[in-house]
2 protein chains.
Amino acid sequence: MDGRAGVGPLEESVGYALKQAASALRGAMDAALRPVDLTVPQYSCLELLGQRPGLSSADLARGAFVTRQAMNGVLRGLQERGLVTRPASAPHGRALPTELTPAGRAALEAASAAVRAVEQRMLTALGPAARLRLREDLATCAGALAGPGEGAGTGEGAGTGEGAGSGGVSAGARRLRPRRR
Amino acid sequence: MDGRAGVGPLEESVGYALKQAASALRGAMDAALRPVDLTVPQYSCLELLGQRPGLSSADLARGAFVTRQAMNGVLRGLQERGLVTRPASAPHGRALPTELTPAGRAALEAASAAVRAVEQRMLTALGPAARLRLREDLATCAGALAGPGEGAGTGEGAGTGEGAGSGGVSAGARRLRPRRR
DNA sequence: CGACGTGTGTCAAGCTCTTGACGTGGACGG
DNA sequence: CCGTCCACGTCAAGAGCTTGACACACGTCG
């Protein structure tokens with residue numbers, strides 16, 4: 001550990017800072033969710049279902065930034081625990097609308113409180129305006145990265161307004177497996 | 001997929017936006033690094049070594065936000081490919097200082113260009129001031145999350161200044177699994 | 001001088017997630 | 001009316017990472 005190498009370009013990279021913050025957030029969330037016996041994907045799933053009941057497995061997967069298979073496994077585990085319910089037959093297409101059970105809602109409430117505390121701690125040094133701007137900038141970055149990779153929606157992506165919502169979870173969440181063809 | 005459920009609190013959460021941006025960035029980086037036959041951890045390792053030669057495996061692990069074992073596996077693969085060199089015996093402690101080979105430096109150059117392009121695309125809608133502020137805010141968030149596991153107070157400095165550098169990689173890169181005992 | 005704590009490298013095991021491919025049900029478009 | 005395309009769900013396999021535990025070296029303190 002010599003005193004060489006001050007701050008390199010690494011610390012100047014936004015991507016590195018993003019990875020660092022995401023890693024720290026994930027670790028803190030994992031630690032906070034451990035007492036509730038929930039992993040981060042499981043919590044994401046519950047939170048998604050709490051705010052948008054009736055989502056399908058694929059929608060949840062996109063919302064939690066994992067693959068459909070992973071979300072299916074998570075969903076299966078939650079279902080075995082009695083936290084979510086899925087009808088055996090699809091009412092409309094092939095999508096099975098998932099919903100929270102009372103137990104699931106209770107678990108979500110506890111987990112959400114813990115996660116909210118973590119997020120507050122993360123943002124403790126930032127003012128309200130800075131938080132809002134940070135959120136918007138992150139969404140902008142994600143939107144800018146989602147578009148040109150394959151050629152989906154090109155129009156927006158830069159504005160502060162997130163014009164999503166009509167679809168399942170968020171229009172900007174199409175990554176992680178689209179596979180151009 | 002009916003047109004229900006506008007934008008929920010999910011879109012208002014900074015943590016969610018952070019996860020979204022990190023996921024998009026990782027996907028884009030993975031796609032950009034595929035032609036070079038490098039994974040994201042491998043690239044992180046090379047980039048770290050390129051900017052701070054002589055780092056040990058543990059230092060690299062902290063810098064890439066993975067465990068020592070994972071970084072050791074990455075390092076082994078890179079060493080087999082002839083991209084990095086590690087002395088068989090430790091000169092000082094037990095730490096083996098790793099360095100880049102010419103081939104590794106060449107691979108790093110190509111990969112770094114691809115990653116830089118991705119980062120530029122990600123930040124295409126943000127001005128220089130916004131980028132700098134985003135980077136600082138992210139570092140602040142990571143710092144605020146790194147310190148207090150659950151015991152320390154909330155009043156952590158976490159200013160914009162990153163007073164790290166003398167040690168391995170960055171002082172803010174706390175352990176991935178401290179596990180107090 | 002010897003004991004302790006810290007940090008590092010390594011082995012082994014387990015798990016989760018990703019990648020790849022398949023079959024099926026609905027929605028267009030000819 | 002039928003063919004094509006797209007989306008959802010599922011199975012199987014593989015790789016990657018994390019967890020847990022061990023042995024060794026250095027610095028420090030009693």
Side-chain angles (χ1 to χ4, degrees), chain A residues 1-2 23 26-27 30-31 34 38-45 54-79 86-98 150 152 167-169 173-181, chain B residues 1-2 19 23 26-27 29-31 33-34 37-45 54-79 86-98 167-169 173-181:
Chain A
M1 319 270 205
D2 41 330
S23 174
R26 186 182 183 86
D30 204 9
R34 194 157 314 175
L38 282 177
T39 65
V40 172
Q42 285 171 342
Y43 159 72
S44 300
C45 179
L55 282 184
S56 69
S57 179
D59 287 329
L60 289 167
R62 277 189 290 270
F65 313 111
V66 294
T67 57
R68 299 187 296 277
Q69 296 86 341
M71 180 50 74
N72 205 324
V74 167
L75 223 47
R76 191 177 294 267
L78 291 176
Q79 192 172 6
R86 248 191 326 179
S89 62
H92 177 48
R94 167 138 308 205
L96 301 173
T98 314
E150 176 199 1
V169 172
R174 292 182 100 97
R175 204 97 304 267
L176 198 63
R177 191 209 62 81
R179 183 188 206 71
R180 73 245 166 247
R181 59 219 314 268
Chain B
M1 306 272 212
D2 38 334
K19 279 169 63 180
S23 174
R26 185 182 184 85
M29 279 180 65
D30 204 9
L33 288 172
R34 196 156 312 175
D37 272 323
L38 282 177
T39 65
V40 173
Q42 284 171 342
Y43 159 72
S44 300
C45 180
L55 281 184
S56 69
S57 180
D59 287 330
L60 290 167
R62 278 189 289 270
F65 312 112
V66 295
T67 58
R68 300 186 293 273
Q69 295 85 344
M71 179 50 74
N72 206 324
V74 167
L75 223 47
R76 190 176 295 267
L78 291 176
Q79 192 173 5
R86 250 192 323 179
S89 62
H92 177 49
R94 166 148 291 217
L96 302 173
T98 315
V169 171
R174 66 138 181 80
R175 277 231 239 303
L176 197 59
R177 279 283 304 121
R179 196 66 166 178
R180 66 264 172 218
R181 43 192 317 164

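Lettering follows sequence order; numbering is per chain, from 1. What you see is a predicted model, and the numbers here were worked out from it, not measured in a lab.
When all heavy atoms of A/Met71 and A/Leu60 are compared, the closest pair comes out as CE-O, 3.4 Å. Closest approach of B/Thr67 to B/Ala61, counting heavy atoms only: O-CB, 3.5 Å.
As a whole-Å value, the separation of A/Leu60 CG from D/dT10 P is 13 Å. Rounded to whole Å, atom P of C/dT10 lies 11 Å from atom CZ of B/Arg68. Counting to the nearest Å, the C1' atom of D/dG16 and the CD atom of B/Gln42 are 11 Å from each other. We find that CZ of B/Arg34 is positioned 13 Å from P of C/dT18, with the value rounded to whole Å. For the pair A/Asn72 CG and C/dC22 P, the interatomic distance rounds to 19 Å; values are reported in whole Å. Look at CZ on B/Arg76: it is 10 Å from C1' on C/dG9, rounded to the nearest Å. The distance between atom CG of B/Asp30 and atom P of D/dA15, rounded to the nearest whole Å, is 16 Å. Residue B/Leu55 contributes atom CG, which lies 11 Å from atom P of C/dT8 at whole-angstrom precision.
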Quiz item: Could you go step by step and tell me if A/Leu75 and A/Cys45 meet the side-chain contact (heavy atoms from CB on, under 4.5 Å) rule?
Solution: CA-CA 8 Å; A/Leu75 223 47; A/Cys45 179; 3.3 Å; yes
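Taking only side-chain nitrogens and oxygens, A/Arg62 comes nearer than 4.0 Å to OP1 or OP2 of D/dC8.
Comparing C/dG25, C/dC17, C/dT8 against the side chain of A/Arg94 picks out C/dG25 as the nearest. Closest to the side chain of A/Ala70, out of C/dT18, C/dG9, C/dT24, is C/dT18. Of the candidate nucleotides D/dT10, C/dT19, C/dC11, C/dT19 has the atom lying nearest to any side-chain atom of A/Thr67.
B/Arg26 comes within contact range of no nucleotide atom at all, as no heavy-atom separation falls under 4.0 Å. Across all strands, A/Thr39 comes closer than 4.0 Å to no nucleic acid atom at all (heavy-atom distances).
In this structure, B/Arg26 does not pair ionically with B/Asp30, as no charged nitrogen and carboxylate oxygen lie closer than 4.0 Å.
Taking only distance into account, the side chain of B/Gln69 never meets the base of D/dG16 through a donor-acceptor pair shorter than 3.5 Å.
No donor-acceptor pair under 3.5 Å is formed between the side chain of B/Ser23 and the backbone N or O of B/Lys19.
Comparing B/His92 and A/Pro97, the nucleotide of DNA chain D nearest to each residue sits closer to the 5' end for A/Pro97.
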